[in-house]
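Everything on this sheet refers to the single structure shown next.
Since the structure is predicted, the reported quantities are computational estimates derived from the model, not experimental observations. Any value given below was found using the heavy atoms of this structure, including those in side chains, with hydrogens, waters and symmetry copies removed. Positions are given from 1, in the same order as the sequence printed here.
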Amino acid sequence: MTEQSGLTAGTKCSGCGIVLQTESTDLPGYIPAQALERTPLLCQRCFRIRNYNESSTVTVDQSEFLRLLSQVGDKDALVIHIVDLFDFHGSVISGLQRFVGNNPVILAVNKTDLLPKVTNWNKIRNWVQKEAKELGLKVEDIILCSAKQNQGFDRLLEVVGFMRGKRDVYVVGATNVGKSTLINRLITDYSDLEEELTVSRYPGTTLDTVSIPLDDGHSIIDTPGIVYESRYTELVNKQDLAALMPDKPLKPAVYQLNAGQTLFFGAMARFDFIEGERQSFTCYINNRLNIHRTKLDRADELFEQHGGEMLAPPTKENLAELPAWTRHELRVPKGKSLDVFISGLGWIKVNSDQGALVAVHLPKGVKVMLRPSLI
């Protein structure tokens, strides 16, 4: 960037950390020349998110995210890996160990405020530990927290303070796991910076590494959120994002089903109970999403006639923009306590240990799997 534009080369956006530029509106970091008088300096995208809660289509591609992440392995650093408890298997960075090398990792499990109040937290912590191990994650500590409710955060700061030594702290995570909210808390506790990072419910809010200087000459480094297209939240129109992402504790919905019955979750997903004894299923999804029960032999016709209208969200227009549905058949073995997990949407707990054959219909590419029951 030239000095004539009023922008010094290398000046970064205080919201997302991208290098600012005044020349191209469709590239990351664009700031209109007339906005250079503002304090703090924000790229147009962050300005719109902060002031109008409006998303922009400018993002950095996957290979760029991975390039930034792979630099962590060359440093002597402490890594905080933030995951979303509501979407655990969708938000864990698979192969994280490959990127961070021998650096110690703290697993911060955010959004604990979404689980029902009666939850047994020791069991949740053991579950996270077991699943992390299954996924090949080597973690020094697991902190259950809620950035929104400021729960567990003192404990996280305590562990970071104890383990950091004379090292930089890298914060990594997928999009929408609450990374920027946690980073803003770290800024408040550890530095005298006045600007906060842009906090938004839209994917890919942080576009480049943001370095927050600490009093001892080291830094907290926020890395961009990795976009996993296997998460439902990455596919939907922003109007429908609120229907997927809960903002208050889940109220479990229990359904007694006979074989040959179907549940529709708005027009987001369909769950078929194909074979097995009459049994109950508990749905842990955003309570804004209406659940509609019908007969399996009527389900195709119902979706064709009412998808996007009686069965909504999404609306008919937004439904047309999603990939066509794929059917996933899953057999729940006898004697097991399992969840049918749908990345970005939630999960259905199979309450009986009698075994069942079920099928899930979802837009192509969304991750669905059987996993040990979380609750």
Side-chain angles (χ1 to χ4, degrees), residues 86-87 89-90 229-246 250-334 338-352 354-371:
F86 180 67
D87 189 16
H89 289 89
E229 286 171 6
S230 55
R231 301 172 79 199
Y232 214 138
T233 42
E234 305 291 357
L235 295 183
V236 294
N237 181 298
K238 70 179 184 190
Q239 298 162 323
D240 294 322
L241 205 50
L244 280 182
M245 292 177 72
L250 301 169
K251 287 186 183 140
V254 184
Y255 286 85
Q256 291 285 342
L257 298 180
N258 295 314
Q261 287 189 300
T262 287
L263 298 176
F264 277 101
F265 302 101
M268 294 282 188
R270 168 181 150 187
F271 175 80
D272 300 336
F273 178 28
I274 301 165
E275 200 180 279
E277 290 178 25
R278 176 177 168 82
Q279 55 188 279
S280 76
F281 298 86
T282 305
C283 305
Y284 291 88
I285 63 161
N286 189 349
N287 304 114
R288 290 185 204 175
L289 211 50
N290 289 326
I291 302 175
H292 184 91
R293 187 197 323 225
T294 189
K295 289 184 174 166
L296 176 53
D297 56 15
R298 282 204 58 227
D300 288 341
E301 184 192 341
L302 189 76
F303 187 69
E304 210 169 292
Q305 290 175 0
H306 300 288
E309 289 167 354
M310 181 182 81
L311 301 174
T315 60
K316 248 189 168 37
E317 297 74 33
N318 292 349
L319 193 56
E321 289 171 13
L322 291 172
W325 278 16
T326 304
R327 181 178 181 274
H328 306 264
E329 196 167 282
L330 305 162
R331 185 169 286 283
V332 181
K334 280 191 174 184
L338 298 178
D339 293 336
V340 177
F341 167 79
I342 302 165
S343 181
L345 181 84
W347 64 95
I348 299 128
K349 181 176 187 284
V350 183
N351 295 318
S352 167
Q354 294 304 302
L357 181 65
V358 301
V360 179
H361 303 247
L362 290 162
K364 189 175 184 196
V366 176
K367 181 180 204 157
V368 58
M369 63 183 277
L370 287 173
R371 69 176 192 191

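- Atom CD of Glu304 has 12 or fewer neighbouring heavy atoms from other residues, nucleotides or ligands inside a 6.0 Å radius.
- Atom CD of Glu275 is separated from atom CG of Leu296 by 11.5 Å, given to the nearest 0.5 angstrom.
- Note that CZ of Phe271 is 7.0 Å distant from CG of Leu257, once rounded to the nearest 0.5 Å.
- By the ring pair (Phe, Tyr, Trp, His ring centres under 6.0 Å) test, Phe341 is found to be paired with His89, residues two or more places apart in sequence or in another chain being considered.
- Between Trp347 and Phe86, the angle of the ring planes lies from 30° to 60°, which puts this pair in the tilted group.
- Evaluation of the side chain to side chain donor-acceptor pair (under 3.5 Å) rule for Arg293 yields no partner, not counting sequence neighbours.
- Ring centroids of Phe273 and Tyr255 are separated by 6.0 Å or more, keeping the two rings apart.
- The side chain to side chain donor-acceptor pair (under 3.5 Å) search around Asn237 returns Asn318, not counting sequence neighbours.
- Among the candidates Arg278, Glu277, Gln279, Lys295, the single residue satisfying the side chain to side chain donor-acceptor pair (under 3.5 Å) test with Asn258 is Arg278.
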Dump the intermediate steps for side chain to side chain contact (heavy atoms under 4.5 Å, CB included) on Ile348 and Thr282, then the final yes or no.
CA-CA 5 Å; Ile348 299 128; Thr282 305; over 6 Å; no

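- With sequence neighbours excluded, no residue forms a ring pair (Phe, Tyr, Trp, His ring centres under 6.0 Å) with Tyr232.
- Taking 4.0 Å as the cut-off between side-chain N and carboxylate O, Glu329 and Arg327 count as a salt-bridged pair.
- Pairs of residues two or more places apart, or lying in two chains, that qualify as salt bridge (charged side-chain N to carboxylate O under 4.0 Å, His left out) and include a residue from residues 258-270 are Arg270-Asp272, Arg270-Asp300.
- Remark: His361 engages no residue in a ring pair (Phe, Tyr, Trp, His ring centres under 6.0 Å) (not counting sequence neighbours).
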